[in-house]
There are 2 protein chains.
Amino acid sequence: MVENFTPDIVIGRLPLYLRSLQQMEKEKRHTTSSQEIGERLGISAAQIRKDLSQFGEFGKQGTGYDINNLIMELRKILKVDRVWDMAVVGAGDIGSAIARYQGFADRGYRVSMVFDVDPEKIGGRIGAFIVEDMDKIEERIKEKGIEIAMIAVPAAKAQEVSDLLVKSGIKALLNYAPISINVPDIVKVQYIDPVIHLQRMTFYLSI
Amino acid sequence: MVENFTPDIVIGRLPLYLRSLQQMEKEKRHTTSSQEIGERLGISAAQIRKDLSQFGEFGKQGTGYDINNLIMELRKILKVDRVWDMAVVGAGDIGSAIARYQGFADRGYRVSMVFDVDPEKIGGRIGAFIVEDMDKIEERIKEKGIEIAMIAVPAAKAQEVSDLLVKSGIKALLNYAPISINVPDIVKVQYIDPVIHLQRMTFYLSI
DNA sequence: TAGATTGTTAATCGATTAACAATC
DNA sequence: TAGATTGTTAATCGATTAACAATC
């Protein structure tokens, strides 16, 4: 049997292609080419064609790709031809900004619940949500069948919250706390830490 | 002449090493090994040793690395043995969360100014800052000699804001708007778009 | 048709890892 | 000393690119 394994690094670029295509769609464009996508993203045209060819033949010689069609195909591949409900844990500044973020719309995700431990916050409103008690998190996540959570608690609490989320059945974690967390192999983790990105840039700045 | 070029992918890992080491420092630890750092980050010990060897010999056979010393060295390499002032552009939910973020402390950065175009926001307070008028941004950035900015405006305005920041002398941009921006080669850009990370994970989720 | 662009192959390039002498 | 761990080399592994036949 031939395994159809796609490298992680290829998967990592697909969302960028999708974002560019959705941008073009907004600009009322109808077709594009691997070259144009590449120019927008700073990636070679050959690489984009190679990446896409892992999943099928989506283009036409001479004319390129139909934007709407390729968007549809990428949505299927990335499993965002549906909407995923997410739980936000932590109702501080970051958690609140996430809960109110407009950028999830049309990209496959929506915030469904917001949790905190602070009795002052529980029961209060953040955007369209009522902040729920973290003591109820396992019950609520299981009841709703939620598989994705975003961690927006202090670094010192992130591992503990992560353990609880895994126990609750979460399969994908986006961690805003500036710390590495350990999860079982079946759970995916991604990190957002602005300082990491800043340090990647200041290396190149002259003092 | 032998160029001492360090691959971007190596630079990208150094901030992770630094973050792990600072975590260990907080735990009152004094020495560590490439193996331990690797385990915390899911990176091989050999790779960590190889990465560090690009910059010097920081360890001791048999005992490993002195945590405080390695932190100091990495800070020097990444140029965070100083504090960089940053401008935040956009005083919405994301801009406000950034302006109040406590996670910059001790990691080499601090927010110095916050800008917006909205007359309702200008003059108002966000954390320790008074929101300033974006019409003054070039003048203010040049006057303070700021080289790093964070973009937290709607996607439709991000390119325009980026152009203005480059014109103002900014050399590093952290873009929270979910869109690719074009800048001259001398300017570094990094992106924070939660949806990109989410899509990298849902690919692996079973429906 | 002529020009453009795909999908794919093979070659190149670069990154990771295994292994080990050196040495603390 | 014996055990541990570094820094480095060479081998392996994987990713990127150049090139082009196919074809719209």
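Letters A, B, ... are given to chains in the order of the sequence lines, protein chains preceding strands, and every chain is numbered from 1.
Under the rule for a side-chain hydrogen bond (donor to acceptor under 3.5 Å, both in side chains), A:Asp185 has no partner lying at least two apart in sequence or in another chain.
Nucleotides of DNA chain D with any atom under 4.0 Å from a heavy atom of chain A span, from 5' to 3', D:dA15 to D:dC24.
With a cut-off of 3.5 Å on both Watson-Crick or G-U wobble distances, the partner of C:dA15 is given as D:dT12. Searching all strands for a Watson-Crick or G-U wobble partner of C:dG7 with both distances below 3.5 Å returns D:dC20.
A distance-only check finds a donor-acceptor pair linking the side chain of B:Lys79 to the backbone of A:Phe203 [under 3.5 Å]. Side chain of A:Arg200 to backbone of B:Gly12: a donor-acceptor contact under 3.5 angstrom is found.
Place A:Lys50 and A:Lys60 on DNA chain D by their nearest nucleotides, and A:Lys50 ends up nearer the 5' end. Sequence order on DNA chain D of the closest nucleotides to A:Arg49 and A:Pro7 puts A:Pro7 first from the 5' end.
A:Ser20 and A:Arg40 are not linked by any side-chain donor-acceptor pair at a separation below 3.5 angstrom, with hydrogens and angles left out of the test. Side-chain N/O atoms of B:Tyr176 and B:Asp193 include no donor and acceptor closer than 3.5 Å.
A cation-pi arrangement, defined by a distance under 6.0 Å to the six-membered ring centre and an angle within 45 degrees of its axis, is absent between A:Lys60 and A:Tyr65.
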